[in-house]
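Worksheet: one structure, shown below.
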Amino acid sequence: MRVVKDLEGLRTQVFKQSKHPKVGLIPTMGALHKGHQTLMDMARKENDLVVVSIFVNPTQFGPNEDFQRYPRSYESDLQLAAESGVDVIFAPTVEMVYPRNSTSIRVAEITDRWEGALRPGHFKGVCTVVAKLFHLVDPHRAYFGWKDIQQCLVIQRMVEDLNFPVELKFGETYRDPDGLAFSSRNIYLDSNERDKAPMIYRTLVRGKQALSENPFVQTVKNSAHTELVQGGFAIDYWDVVSLKTLEPVEFAGDSCAIIVAARLGNTRLIDNIRL
Ligand code: AMP
């Protein structure tokens, strides 16, 4: 008999021990690319069974967002997943995931700013679907990309606050050689916009360098804003934030990141760099 008095012990002794084999889950909305593949590779190394969910989740899109035109490429997704050694693709229908729409999860505070402020209801949709996927698939580990930095922190908060017995793993952002982060939405870019798009990452790299010399944020932020606006971007935000709270900081430090969201034509790009 075992007596456990702390949460970690409970998890180790009860949940983890009783679950075999080890299952890794990668939640996605499909249109799979090399960014997703890095998460699959991580999961393949660390688990016995790798599950990828493909579900374009309607509840995380606002009424004026791109749910209808979001890229869907099911057949090539299956091929890429098979090549990456994925064991199970879970591709439920909307009706199956949402037979009703009466219960949802709202994570407080860390959802107030940035994506949460600009896309009302977005994280409620994300958290609800991720919570459901955690219950349905019952993974030991779940994999998310740092590219969506706020999403990572929001899910981490949800997992901590609601005691999900899941270990979260975050994968680095996979980029084209010119710096543009891979994203399913990059196919919206026309060739002119595609040429301009890497400027986003350049402002992050330059911003990081400048902040290492002088941590005062406002000056660096101003020049990044100017550069992006002159480059034809409409900026939603470009700011330096604490990695714990996502609150903006006046002086950059170790546990900070630069986060950016900017629109080029009809395409919204987000990216970040840790300092
Ligand atoms: P999505 O299908 O866009 O919802 O993304 C599914 C997962 O892949 C999320 O956890 C994303 O953060 C992650 N992801 C998307 N793009 C990249 C990338 N370029 N590098 C690494 N992970 C990514």
Side-chain angles (χ1 to χ4, degrees), residues 4-29 35-36 38-55 57 59-60 86 88 90 92 97-98 101-117 119 121-173 241-247 255-257 259 270 272 274:
V4 281
K5 295 193 171 174
D6 61 292
L7 265 180
E8 252 340 283
L10 180 70
R11 277 183 188 162
T12 319
Q13 296 305 324
V14 181
F15 298 115
K16 308 275 173 174
Q17 297 290 343
S18 63
K19 288 201 234 173
H20 288 288
K22 302 285 183 216
V23 177
L25 168 68
I26 304 139
T28 82
M29 298 207 296
H36 299 114
T38 57
L39 301 179
M40 295 181 212
D41 292 345
M42 282 171 74
R44 183 68 283 164
K45 288 198 187 97
E46 297 172 348
N47 301 277
D48 302 307
L49 197 86
V50 176
V51 182
V52 169
S53 62
I54 296 181
F55 180 63
N57 175 33
T59 64
Q60 71 187 69
V86 169
V88 178
F90 177 51
V97 176
Y98 298 114
N101 216 350
S102 49
T103 305
S104 57
I105 293 185
R106 192 185 72 87
V107 171
E109 293 165 2
I110 197 144
T111 56
D112 289 347
R113 287 181 190 270
W114 320 120
E115 296 302 298
R119 306 179 66 189
H122 171 68
F123 285 120
K124 193 170 88 166
V126 169
C127 288
T128 304
V129 81
V130 169
K132 290 184 71 119
L133 289 168
F134 284 177
H135 288 309
L136 289 163
V137 178
D138 199 16
H140 296 77
R141 303 188 182 93
Y143 296 79
F144 296 88
W146 265 119
K147 176 174 174 291
D148 298 287
I149 187 169
Q150 190 172 14
Q151 175 170 281
C152 289
L153 298 183
V154 169
I155 290 176
Q156 189 165 46
R157 194 65 73 85
M158 176 185 85
V159 162
E160 286 170 16
D161 288 354
L162 298 181
N163 305 105
F164 279 88
V166 179
E167 184 184 350
L168 296 178
K169 296 276 187 157
F170 301 133
E172 292 301 327
T173 303
V241 298
S242 148
L243 268 175
K244 283 210 180 74
T245 60
L246 283 185
E247 291 296 310
S255 52
C256 290
I259 58 172
I270 68 170
N272 67 83
R274 275 166 290 160

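- Here the CG-OG1 distance, from N272 to T173, works out to 5.5 Å after rounding to the nearest 0.5 Å.
- Within the 4.5 Å cutoff, the side chain of T59 has heavy atoms near those of the N101 side chain.
- Rounding to the nearest 0.5 angstrom, the gap separating the NZ atom in K22 from the CG atom in N47 is 9.0 Å.
- Side-chain contact check for D138 versus L136: every heavy-atom pair is 4.5 Å or farther apart.
- Between F134 and F164, the angle of the ring planes goes over 60°, which puts this pair in the perpendicular group of the 30/60° scheme.
- Using modelled atom types, no side-chain atom of T128 and backbone atom of S104 make a donor-acceptor pair closer than 3.5 Å.
- Between R113 and E247 there is a salt bridge, since a side-chain N of the basic residue sits under 4.0 Å from a carboxylate O of the acidic one.
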* **Stepwise side chain to side chain contact (heavy atoms under 4.5 Å, CB included) test for K132 and V97** => CA-CA 8 Å; K132 290 184 71 119; V97 176; 4.0 Å; yes
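- The shortest side-chain heavy-atom distance between L25 and L133 falls under the 4.5 Å cut-off.
- Nearest heavy-atom pair across C127 and V107 is SG-CG2, 3.7 Å.
- Between the side chain of D112 and the backbone N or O of A117, no donor-acceptor pair lies under 3.5 Å.
- No side-chain heavy atom of F55 sits under 4.5 Å from any side-chain heavy atom of T28.
- Annotation: the span from E160 atom CD to L168 atom CG amounts to 8.5 Å, rounded to 0.5 Å.
- Remark: side-chain polar atoms of W114 are paired, donor with acceptor, to backbone N or O of L246 under 3.5 angstrom.
- When all heavy atoms are compared, the tightest approach of S53 to P27 is OG-CA, 3.1 Å.
- R157 has a carboxylate O that lies under 4.0 Å from a charged side-chain N of E109, or vice versa, which qualifies the two as a salt bridge.
- Here the straight-line distance linking atom CD1 of I259 with atom CG of D148 works out to 12.0 Å at 0.5 Å rounding.
- The closest donor-acceptor contact from the side chain of Q150 to the backbone of I110 lies under 3.5 Å.
- Side-chain contact of Y143 with D41: a donor-acceptor pair under 3.5 Å is absent, judged by distance alone.
- With rounding to the nearest 0.5 angstrom, the CE atom of M158 is 10.0 Å from the CD atom of Q151.
- A donor-acceptor contact shorter than 3.5 Å links the side chain of N57 to the backbone of G125.
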* Asked: Step by step, would you call I54 with M29 a side chain to side chain contact (heavy atoms under 4.5 Å, CB included)?
  -> CA-CA 5 Å; I54 296 181; M29 298 207 296; over 6 Å; no
* Could you go through the side chain to side chain contact (heavy atoms under 4.5 Å, CB included) check for F144 and L39 one step at a time? => CA-CA 7 Å; F144 296 88; L39 301 179; 5.6 Å; no
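- Within the 3.5 Å criterion, the main-chain N or O of A43 finds no donor-acceptor partner in the side chain of R141.
- No side-chain heavy atom of T38 sits less than 4.5 Å from a side-chain heavy atom of M42.
- Considering only heavy atoms from C-beta on, L162 comes within 4.5 Å of I105 through its side chain.
- Between I26 and H36, every side-chain heavy-atom pair lies at or beyond the 4.5 Å cut-off.
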* To do: Applying side chain to side chain contact (heavy atoms under 4.5 Å, CB included), run through E167 and H140 and close with a yes or a no.
  => CA-CA 6 Å; E167 184 184 350; H140 296 77; over 6 Å; no
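- Counting heavy atoms from C-beta on, the side chains of F123 and Q60 never come closer than 4.5 Å.
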